[in-house]
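Owing to the predicted nature of the structure, the values given are computational and were not obtained by experimental measurement.
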Amino acid sequence: MVAFASILALFLQAASDSRMSAAMESIKHPDLSKFLVIGAILFIIGVAGVLVRRNIIVIFMSIELILNAANLNFIAFSRYLADTGGANPLSGQVFTVFVIVVAAAEAAIGLGIVIALYRNRETIWVDEIDLMKW
């Protein structure tokens, strides 16, 4: 964080002191929009991974990215609402822990299914797994 701040200070040398201090304050205390942008990027990468990739392990990892994007948004909104005095400051963390538990259960069941499929079909490619087709 300190190294990034010093690099940013090097790039902003020509800027005025107020602009520099505003940039440093933005790095130290990011606002809600930055978290939402990062969450949206994680969600888009996850959805693209689910839709484009055919390897079932990569699809599981993409689903985890989607869930982590939701967790990031829960934490960001919780922090935002706590700063404005609107809601319980721990509500976002509680939802995040719940989502992590559900994700762990999903990963355990999903990987168990993948292992069973691999033992029977010897493939992890979604296109070659046709158990539900007639």
Side-chain angles (χ1 to χ4, degrees):
M1 185 68 160
V2 175
F4 179 71
S6 62
I7 291 171
L8 184 65
L10 181 66
F11 284 122
L12 296 175
Q13 277 184 343
S16 66
D17 286 341
S18 64
R19 191 171 174 189
M20 176 70 178
S21 64
M24 293 301 290
E25 187 65 29
S26 175
I27 291 172
K28 289 179 183 174
H29 304 286
D31 58 349
L32 180 64
S33 64
K34 292 179 179 70
F35 291 112
L36 294 180
V37 167
I38 293 172
I41 290 170
L42 281 176
F43 186 81
I44 290 170
I45 291 171
V47 169
V50 169
L51 295 177
V52 173
R53 302 302 298 250
R54 298 291 102 199
N55 187 333
I56 198 162
I57 302 295
V58 175
I59 292 172
F60 276 129
M61 290 189 309
S62 298
I63 291 171
E64 294 296 325
L65 275 180
I66 293 170
L67 293 174
N68 284 330
N71 288 339
L72 183 63
N73 284 336
F74 281 136
I75 297 293
F77 277 112
S78 174
R79 180 176 169 230
Y80 174 74
L81 291 175
D83 289 343
T84 59
N88 185 1
L90 293 178
S91 61
Q93 285 85 354
V94 170
F95 277 115
T96 299
V97 169
F98 179 74
V99 169
I100 289 171
V101 168
V102 170
E106 172 256 338
I109 293 171
L111 289 177
I113 291 171
V114 168
I115 290 171
L117 280 172
Y118 185 75
R119 285 182 181 165
N120 289 331
R121 300 287 177 136
E122 295 183 358
T123 184
I124 56 171
W125 300 101
V126 175
D127 294 336
E128 297 174 6
I129 300 170
D130 56 355
L131 291 175
M132 300 296 284
K133 293 182 181 175
W134 289 86

For atom [atom1] of [X], is the number of surrounding heavy atoms from other residues, nucleotides or ligands below 6.0 Å larger than 12?
X	atom1	result
Arg53	CZ	no
Phe60	CZ	yes
Phe35	CZ	yes

Out of Val50, Ile45, Leu42, which residue meets the side-chain contact (heavy atoms from CB on, under 4.5 Å) rule with Ile66?
-> Val50
Give me the one residue out of Ile59, Ile115, Asn55 that meets side-chain contact (heavy atoms from CB on, under 4.5 Å) with Ile124.
-> Asn55
Side chains of Val102 and Leu67 in contact at under 4.5 Å (non-hydrogen atoms) = no
Could you tell me the separation between the [atom1] atom of [X] and the [atom2] atom of [Y], rounded to the nearest 0.5 Å?
X	Y	atom1	atom2	answer
Leu36	Phe43	CG	CZ	13.5 Å
Ile41	Leu65	CD1	CG	12.0 Å
Phe98	Phe74	CZ	CZ	9.5 Å
Trp125	Ile56	CH2	CD1	11.5 Å
Leu111	Glu106	CG	CD	8.0 Å
Asn71	Thr96	CG	OG1	4.5 Å

Closest approach of [X] to [Y] (non-hydrogen atoms, all atoms of both residues):
X	Y	answer
Gly49	Ser62	CA-OG, 3.3 Å
Arg79	Pro30	NH1-O, 3.1 Å
Gly39	Ala69	O-CB, 3.2 Å

In the single-linkage hydrophobic clustering (I, L, V, M, F, W, Y; side-chain heavy atoms under 4.5 Å), do [X] and [Y] co-cluster?
X	Y	value
Ile63	Val114	yes
Val47	Leu72	no
Tyr118	Val126	yes
Ile57	Leu51	yes

